[in-house]
Novice: 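Here it is, the structure, as structure tokens.
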Amino acid sequence: MAAKTQIDKIRLRFAPSPTGMLHAGNARIAILNFLFAKQNNGEFLLRIDDTDTARSQKIFEKAIINDLKWLGLAWQKTMRQSERMHIYAKAADTLRKNKRLYPCYETPDELALARKLQLKNSQPPIYNRDSLLPEKKQQYILEGRKPHFRFKLEHKTIAINDLCRGESKINFANLSDPVLLREDGTPLYTLTSVVDDGECSISHIVRGEDHVTNSAAQSQLFEALGFHIPLFAHLPLMRAQDNDGPLSKREGSLSLQKIRESGEVEAQSLFAYLARLGTARMAQVESSQHALAKEFSFRNFGRASPIFDLHQLAEINRRGLAATDFNDIKKRLASLPLLNNVDQALFWETFRGNITHFDDLARWADLSFSDKVKRELPPREIRSVICEMLTASSSKQDADNQLVGITNCEKFLHILEERLKLKGAKLYRPLRLALLGCPTGPEVARLFILLGQKTLTQRLCGENY
RNA sequence: GUCCCCAUCGUCUAGAGGCCUAGGACACCGGCUUUUCACGUCGGCAACACGGGUUCAAAUCCCGUUGGGGGCACCA
């Protein structure tokens, strides 16, 4: 028995169905699988669960792969269930031989009606195994019906150990025998997933708690097919902020593609947020994949379903950006307008602490370098002193006071304070309005360096000075 | 309807009977620092859903109520 759960290598998978866009909830599950595999030097596989040919689309598959790459996930192998149909047929044969697969003849309408009736009578809507009755079966066959096939669950009660939820009991009498083959002979998820997980020796199945009953039924299927049963971890589903229901059932605003295209969140920030949502470390600053993998543990996660909070995410994003090195972002910086002739490293150093989203940089670039921005010259008394000083500092004789380097700029401003007998907002607000046309922003000394003496003189003293 | 899971500050959570007049992080508010934002620092606001038990003692255990999430497809 011990051998049944023996794990030779940690191997995880993320298995989306290409029937729509990935949303933040899917991404979280993908990330958690990835991190656990990474932590244990295991493998991480991507499996496209495209057995539902009516709903699966190639464009969704591409979008999913794009989204996962954007998030920074990497995987060893990509599989497609549509390419493995012969393998599922073989597995079905095995089950038939073992008398675990039996034909059923009810139509979808009949089944739906039966469920409705059961609910009305306070009964759980469980399949009643009518097709197992010889006389019913006989009658159905005489009617010329084509069968679909169900897996016969053993009706027993077992204890399941879930890495997230701990021990819980499951009574199989409360479950319907799952349909494994459609009337047209094509296999369903319950079968294909187990066959693939078994054949790939998946060690851990990490997914949302909407799968708990699936996992129970599938554990019997793993056994019936002679596979080791993987370890299971079912995480509480994320909820949306507006409490408008679970993410797993919703599309739209929280689709990864939309989040990505909005440009409001860095992939790394989203990754870190989703990796820790539901744990007590949600807002930690250190967020490299390495660090996240190292600290990962299923025990860290609460059992209640957490809310996806955009404000919290924005805060993580802001702090992440403030800590980002120029080298890690210079490629994207180059795509911003107005920065062609600008020292971009300097620009980044100047503004990285003043942005929440990367796109905020466009506004700072505009305020810094655009001719169209309205800026106000400082009042005359400030202007006259500062312009005198600027002229002096630009002369070669006064090399000591030239506006090069942050120290010199700070020194310059302190002298200005003393000469004008002005401090704080009284002095700096007018300077800001003159330099950027905006009363807030980075240190004025930094702006001095960024703008350079010529622009500085123009904006503080006017064109004709 | 039924089965499973859950219930602590605005948010994510710590808490496995006395260490809890409930801790942390983020947000928020205020002081300091300061040249604005930020960073830093100090402080503040702020929660055990409700009702019954059990116990010398309950956020913690039990029961009920209420509330939330999930499952109950020829979807995945």
Side-chain angles (χ1 to χ4, degrees), chain A residues 15-20 49-52 54-56 81 104 106-108 111-112 115-116 118-127 147-150 160 162 164-166 168-171 173-176 178-190 192-193 207-214 216 234 236-239 241 243 245-246 248-249 273 276-285 300-309 311-312 314-316 318-319 322-323 351-355 410 413-414 417 423-429 431-432 438-445:
Chain A
S17 60
T19 55
D49 280 6
D50 53 357
T51 51
D52 186 351
R55 296 196 301 152
S56 294
Q81 292 198 318
C104 293
E106 297 85 352
T107 65
L111 290 170
R115 279 193 294 269
K116 218 170 149 186
Q118 284 170 311
L119 282 175
K120 213 176 157 187
N121 296 324
S122 297
Q123 300 282 313
I126 307 229
Y127 177 60
H148 55 281
F149 292 85
R150 286 183 192 261
I160 287 194
D162 189 302
C164 277
R165 324 173 94 217
S168 62
K169 275 189 198 137
I170 177 90
N171 180 359
N174 293 329
L175 271 57
S176 292
V179 176
L180 260 33
L181 299 176
R182 295 185 177 89
E183 191 183 313
D184 66 8
T186 56
L188 257 3
Y189 166 79
T190 310
T192 59
S193 183
R207 56 201 343 186
E209 68 183 0
D210 52 335
H211 279 286
V212 286
T213 19
N214 278 337
H234 294 99
L237 263 27
M238 258 175 23
R239 279 176 301 147
Q241 212 159 18
N243 230 346
S248 63
K249 296 285 177 253
Y273 177 64
R276 289 200 270 232
L277 178 62
T279 74
R281 298 172 55 82
M282 185 169 64
Q284 290 292 310
V285 182
N300 291 156
F301 290 85
R303 293 239 248 158
S305 51
I307 291 174
F308 183 87
D309 184 342
H311 292 110
Q312 205 108 37
E315 177 62 17
I316 286 168
R318 186 187 64 69
R319 292 195 291 162
F351 289 111
R352 69 174 175 177
N354 290 70
I355 54 175
E410 280 169 355
L413 287 165
H414 280 126
E417 280 181 16
K423 278 185 93 171
K426 285 208 167 94
L427 170 61
Y428 290 95
R429 198 183 146 88
L431 292 185
R432 287 172 183 290
C438 169
T440 62
E443 281 182 48
V444 170

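Because the structure is predicted, anything quoted here is derived from the model rather than measured. So that the names make sense, note that chain A is the first sequence line, chain B the second, and so on, each numbered from 1.
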Novice: B:A7 and B:U65: how far apart are their C1' atoms, nearest whole angstrom?
Specialist: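 To the nearest whole Å, 13 Å.
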Novice: Taking the side chain from A:Arg276 and the backbone from A:Arg281, do they hold a donor-acceptor pair closer than 3.5 Å?
Specialist: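 Between the backbone of A:Arg281 and the side chain of A:Arg276 there is a qualifying donor-acceptor contact (under 3.5 Å).
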Novice: Please list each protein N or O that sits under 3.5 Å from an N or O in nucleotides 1-3 of chain B, with the distance.
Specialist:
{"unit_1": "B:G1", "atom_1": "O2'", "unit_2": "A:Ser122", "atom_2": "O", "d": "3.4"}

Novice: A:His148 or A:Ser168: which one's nearest nucleotide on RNA chain B is closer to the 5' end?
Specialist: A:Ser168
Novice: Can you tell me if A:Arg182 touches the phosphate of B:C75, counting only side-chain N or O atoms and a distance under 4.0 Å to OP1 or OP2?
Specialist: yes
Novice: Taking only the side-chain heavy atoms of A:Leu237 (C-beta and beyond), determine which of B:G69, B:U36, B:C5 contains the nearest atom.
Specialist: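 Looking only at heavy atoms from C-beta outward on A:Leu237, the closest nucleotide is B:G69.
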Novice: Output the single nucleotide from B:G70, B:G68, B:C4 whose closest atom is nearest the side chain of A:Arg239.
Specialist: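 Closest nucleotide among those given: B:G68.
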Novice: Looking only at side-chain atoms of A:Met282, point me to the closest of B:U13, B:U11, B:U35.
Specialist: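 Of the candidates, B:U11 comes closest.
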Novice: Is it true that a side-chain atom of A:Glu410 and a backbone atom of A:Ala445 form a donor plus acceptor pair closer than 3.5 Å?
Specialist: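 No; zero donor-acceptor contacts below 3.5 Å.
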Novice: Which nucleotide, in any strand shown, forms a Watson-Crick or G-U wobble pair with B:C50, with both distances under 3.5 Å?
Specialist: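 Pairing partner, where one exists within any strand: B:G64.
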Novice: With a 4.0 Å cutoff (strictly under), does any side-chain N or O of A:Arg115 reach OP1 or OP2 of B:A73?
Specialist: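 Yes, such a contact exists.
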Novice: Distance check: side-chain N/O of A:Ser305 vs OP1/OP2 of B:C5, anything under 4.0 Å?
Specialist: no
Novice: The criterion is ring-ring contact (aromatic ring centres under 6.0 Å, His included); which residues satisfy it with A:Phe351, sequence neighbours excluded?
Specialist: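 Expected list: A:Phe347, A:Trp364.
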Novice: Counting the atoms with a prime plus P, OP1 and OP2 as sugar-phosphate, which does A:Arg303 contact under 4.0 Å by heavy atoms, base, sugar-phosphate, or nothing?
Specialist: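 Counting heavy atoms under 4.0 Å across all strands, the contact made by A:Arg303 is with sugar-phosphate only.
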Novice: If the P atom of B:U13 is compared with that of B:G51, how far apart are they to the nearest Å?
Specialist: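 Between the two P atoms, the distance is 25 Å.
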Novice: Write down the protein N/O and nucleotide N/O pairs, taken from nucleotides 27-32 of chain B, whose separation is under 3.5 Å; answer none if there are no such pairs.
Specialist:
{"unit_1": "B:A27", "atom_1": "OP1", "unit_2": "A:Glu315", "atom_2": "OE2", "d": "2.4"}

Novice: Which of the following nucleotides, B:A25, B:C75, B:C5, is nearest to the side chain of A:Ala283?
Specialist: B:A25
Novice: Measure the distance from CD1 on A:Ile316 to P on B:C12 and round it to the nearest whole Å.
Specialist: 13 Å
Novice: Taking only the side-chain heavy atoms of A:Glu183 (C-beta and beyond), determine which of B:A76, B:C72, B:C74 contains the nearest atom.
Specialist: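 Within the option list, the nearest is B:C74.
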Novice: Base, sugar-phosphate alone, or nothing: which one does A:Val212 contact when heavy atoms must sit under 4.0 Å apart?
Specialist: nothing
Novice: Side chain of A:Ala445 only, please: which of B:U35, B:G71, B:A76 is the nearest?
Specialist: B:U35
Novice: Listed by chain and number, what are the side chain to side chain contact (heavy atoms under 4.5 Å, CB included) partners of A:Ala283, not counting sequence neighbours?
Specialist: A:Arg319
Novice: What does A:Thr107 touch in the nucleic acid at a heavy-atom separation under 4.0 angstrom: a base, only the sugar-phosphate, or nothing?
Specialist: base
Novice: Both distances below 3.5 Å, Watson-Crick or wobble geometry, any strand: find the nucleotide opposite B:C26.
Specialist: B:G10
Novice: Under 4.0 Å, heavy atoms only, any strand: does A:Ala304 hit a base, just the sugar-phosphate, or nothing?
Specialist: sugar-phosphate
Novice: Does the base of B:A76 carry an N or O that pairs as donor and acceptor with the side chain of A:Asn214 under 3.5 Å?
Specialist: yes
Novice: Under 4.0 angstrom, heavy atoms only, what part of the nucleic acid is A:Pro16 near: base, sugar-phosphate, or nothing?
Specialist: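 The residue A:Pro16 makes no contact with any strand.
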Novice: Write out a two-atom table: protein N or O, nucleotide N or O from nucleotides 62-66 of chain B, distance below 3.5 Å.
Specialist:
none

Novice: Taking ring-ring contact (aromatic ring centres under 6.0 Å, His included) as the definition, give me every residue that meets it alongside A:Tyr189, ordered by chain and number, with sequence neighbours left out.
Specialist: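 Testing A:Tyr189 for ring-ring contact (aromatic ring centres under 6.0 Å, His included), a comparison that skips the adjacent residues, returns A:His211.
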Novice: Closest approach to the side chain of A:Leu111, judged atom by atom: which nucleotide of B:A76, B:C74, B:U36 is it?
Specialist: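 Output: B:C74.
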Novice: Go nucleotide by nucleotide along RNA chain B from the 5' end; which of A:Gln81 and A:Ile126 gets its closest nucleotide reached first?
Specialist: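 Closer to the 5' end of RNA chain B: A:Ile126.
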Novice: Return the stacking result for B:A76 and A:His211: yes when the ring centres lie under 5.5 Å apart and the planes under 30°, no otherwise.
Specialist: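 It does: the two rings, one from A:His211 and one from B:A76, meet the stacking criterion.
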Novice: Which of the following nucleotides, B:U35, B:A14, B:G70, is nearest to the side chain of A:Leu413?
Specialist: B:U35
Novice: Looking only at the side chains, is there a donor atom on one of A:Glu417 and A:Tyr428 sitting less than 3.5 Å from an acceptor on the other?
Specialist: yes
Novice: Using a 4.0 Å heavy-atom cut-off, does A:Asn354 contact any base of the nucleic acid, only the sugar-phosphate backbone, or nothing at all?
Specialist: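 Result for A:Asn354 = base.
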Novice: In the strands shown, is B:C45 matched to any nucleotide by a Watson-Crick or G-U wobble pair with both distances under 3.5 Å, and which?
Specialist: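 By the stated definition (distances under 3.5 Å), nothing pairs with B:C45.
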Novice: B:C48 and B:A59: how far apart are their C1' atoms, nearest whole angstrom?
Specialist: 5 Å
Novice: How is A:Glu106 classified with respect to the nucleic acid when contacts are heavy atoms under 4.0 Å: base, sugar-phosphate, or nothing?
Specialist: base
